[in-house]
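First listed ligand is number 1; within each ligand, the first listed atom is number 1. All residue numbers refer to positions in the sequence shown, counting from 1.
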Amino acid sequence: MCGIIGIIGKAPVTPLLVDALKRLEYRGYDSAGIATLVNGHIDRRRAEGKLVNLEARLAAEPLTGTIGIGHTRWATHGKPSERNAHPIATDRVAVVHNGIIENFQELKAEMEAEGRRFDSDTDTEVVAQLITSYLERQMAPEQAMGTAMARLRGAFALAVLFSGRHDLLMGARRGSSLAVGYGDGEMYIGTDALALAPFTKRVSYLEDEDWVVLTQNGAKVYQGTQEVVREVRQSGISGAMIGKGNHRHFMLKEIHEQPAVIGDTLHSYLDPATRTVTLPALPVDWAKVSRLTMTACGTAFYACMVAKYWFEQLARLPVEVEVASELRYREPPMPKDGVCIAVSQSGETVDTLAAIRYAKAHGQTILAVVNVPESAIARDSHGVLPTLAGPEIGVASTKAFTTQLTVLLCAAIAAGRARGTLSEVDEAKIGLALIELPALVNEALNLEEQYRRISEEILAEARDVLYLGRGTSFPIALEGALKLKEISYIHAEGYAAGEMKHGPIALIDELVPVVVVAPSDAIFDKTASNFEQVKARGGKLVLISDATGVARLGSQAAASVTLPAVDPLLAPILYTVPVQLLAYYTALAKGTDVDQPRNLAKSVTVE
Ligand code: F6R
């Protein structure tokens, strides 16, 4: 969602704030702004659209000052416009906010009745106006902040600048993430360690309900009126992780990182010598688990769909999967001795967080598969299974997905062993296949010219595209369709191949490309029949298979991609690569903004 940054230091802060906003822009990019103190007064520059517009505004009207805050926005309340861009300010304070103030209408009405005038359509303005009203009642900033926090409902991470106070910056957190960075005579507050990375590696993470007072030389953190200590840690994020390297887009860089990050992830779960899996210590006895519930959103949900097959097959464990935004409101009964796995790249997704809170309240042991170990979802869980994908900046998730699959397969193997449903020999066989996986993913990446040609010649011309798959290839078909929609804006749907004949086949004509994800596994023949059904109705088929599958069906396809042979269990990880690159090259052909597609943002911290 939105990204926030605040700096209190000795040097002019505007260039530093802009630099940090560049690293946060992936979170939201419909407007941006910064505010500093100039001779004690709040001054700000804001611009609708991407950060470059704000940079142009600053070039025309520079902003001085050694203390300031900045924001990059994904609009929730109030359309994207300069008027609604943050920082939202009064004459006393400027505020940047990530999250939603749920009772803003009630607070706004109350303050308007008192004669306060609002200048924006944002929920954030009630925070600025509330703090201002308390300051006007002679409260000190600290008291005004605490009193305002107590009146707010919803989720927020806030940074607040006070007019006349060059020595003070404040922050607060409920629900949305917020980190404090410790520099040398300079202090920082920001959404995540990524934003702070070039400034400092010494970072502490605020907990829910914390509020923090920053001066140039340090930070004091409070819960209510009680001062608390938050450990200062060394962040492992380096400058190299947050650049594009030699790639044109973050998405392409992240797709190409997959052999390495799958390898890194496997390194911490799989012993190459014994080919056995070891999970981190978890409060779960798999042998006693009665049911597994898996929940997530978007791409992470498709990882759960694949994992359902794995847990059922390898561990003979009953599995329910459900998107978090539905699970949280459905009030499903949850069994004794049940485990709930939440999957999330960011670890911040608010629906997923709410779903695990429901499951926890209903007696489930919660495990989190997350890419950000300090995240809210990780902290709310009983055990964490980290993915080692490194920072994912491209809005469309790629390497996070394949590392989620890698971790989930390892978890299913461990569960199978503990439940006595997976033999040592079979575990070693899968272990060997996993060791070879990064090299196979690399081979799939080497077919880039083929993906480019199919994208340019077939997909980019289409108005609608269908993706078909069976078994674990069904979620990969869904993922392929989601990737294409997200970054090329072409309408696409994923279907279980066997469902085609129950309706969607009516859509088939020579203008609708159909991408068939079909490794030659035990159900290949069934998918082959669906392939023939589409062919018979004039459909333009793109086949993604291996040498055996392409030998069998390739001559009937408009185009085909031949992937290396792989153990069918691991096929969904390998077969993700082509659907990612087909979406990427189609978007490139259409000239869309690959890393920052319209209307989207990374980390969905609102409902
Ligand atoms: C799609 C995509 C989203 C996310 C979803 C969940 O490319 O990135 O569908 O997968 O918003 O996000 P996380 O994994 O951060 O919970």
Side-chain angles (χ1 to χ4, degrees), residues 1 3 26-28 74 98 175-177 191-192 194 249-252 254-255 258 294-307 321-328 341-356 366-381 384-387 389-405 407-408 467 475-476 478-489 492 494 576-577 579-584 586-587 592-607:
M1 300 279 96
Y26 74 103
R27 299 180 65 92
W74 186 82
N98 174 29
S176 310
S177 64
T191 302
D192 54 26
L194 201 61
H249 293 104
F250 278 110
M251 182 178 178
L252 191 61
E254 288 159 6
I255 289 172
Q258 289 177 114
M294 302 189 72
T295 191
C297 303
T299 288
F301 175 67
Y302 299 146
C304 297
M305 285 180 72
V306 173
V321 294
E322 188 161 25
V323 286
S325 54
E326 289 299 317
L327 180 105
R328 62 180 295 190
I341 297 185
V343 181
S344 174
Q345 187 284 126
S346 62
E348 284 185 45
T349 303
V350 90
D351 284 321
T352 310
L353 190 59
I356 61 170
I366 313 295
L367 303 181
V369 176
V370 286
N371 200 33
V372 182
E374 309 81 22
S375 59
I377 290 174
R379 280 206 297 252
D380 252 45
S381 300
V384 177
L385 295 164
T387 52
E392 192 179 67
I393 309 287
V395 164
S397 188
T398 53
K399 61 177 180 168
F401 179 64
T402 44
T403 53
Q404 283 160 358
L405 290 177
V407 168
L408 289 166
Y467 286 74
I476 304 309
L478 292 168
E479 171 63 1
L482 178 65
K483 285 288 93 96
L484 192 74
K485 277 188 268 216
E486 276 185 296
I487 61 169
S488 75
Y489 315 145
T576 298
V577 174
V579 299
Q580 291 170 341
L581 283 166
L582 287 175
Y584 175 78
T586 305
T592 55
D593 189 338
V594 170
D595 281 334
Q596 296 178 344
R598 70 183 179 207
N599 303 339
L600 294 176
K602 199 90 180 154
S603 303
V604 186
T605 52
V606 296
E607 273 190 58

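Listed by number with element, the atoms of ligand 1 under 4.0 Å from a non-hydrogen atom of Ala300 are 10 (O), 14 (O). Atoms of ligand 1 found under 4.0 Å from any heavy atom of Glu486, numbered from 1 in the order shown, are 1 (C), 2 (C), 7 (O). Residue Gly298 has at least one heavy-atom neighbour below 4.0 Å for each of these atoms of ligand 1: 9 (O). For ligand 1, the atoms closer than 4.0 angstrom to any heavy atom of Val395 are 8 (O).
The side-chain heavy atoms of Tyr26 and Asp595, taken from C-beta on, include no pair separated by under 4.5 Å.
The shortest N/O to N/O separation between Thr352 and ligand 1 does not fall below 3.5 Å. For ligand 1, the polar-atom distance check finds an N/O of Thr349 within less than 3.5 Å of one of the ligand's N/O atoms.
Side-chain polar atoms of Glu348 and Ser176 form no donor-acceptor pair below 3.5 angstrom. Defined by atom type and a distance below 3.5 Å, a donor-acceptor pair is missing between the side-chain atoms of Gln580 and Thr398.
Of all the heavy atoms of Lys483, the ones lying under 4.0 Å from any atom of ligand 1 belong exclusively to the side chain.
Of the candidates Thr299, Leu353, Leu482, Val343, it is Thr299 that places a heavy atom closest to atom 10 (O) of ligand 1.
By the ring pair (Phe, Tyr, Trp, His ring centres under 6.0 Å) test, Tyr302 pairs with no residue at all, sequence neighbours left out. With sequence neighbours left out, the side chain to side chain donor-acceptor pair (under 3.5 Å) criterion links Asn371 to Gln345, Thr387.
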Given side-chain hydrogen bond (donor to acceptor under 3.5 Å, both in side chains), test Glu479 with Thr576 step by step and report yes or no.
-> CA-CA 8 Å; Glu479 171 63 1; Thr576 298; over 6 Å; no
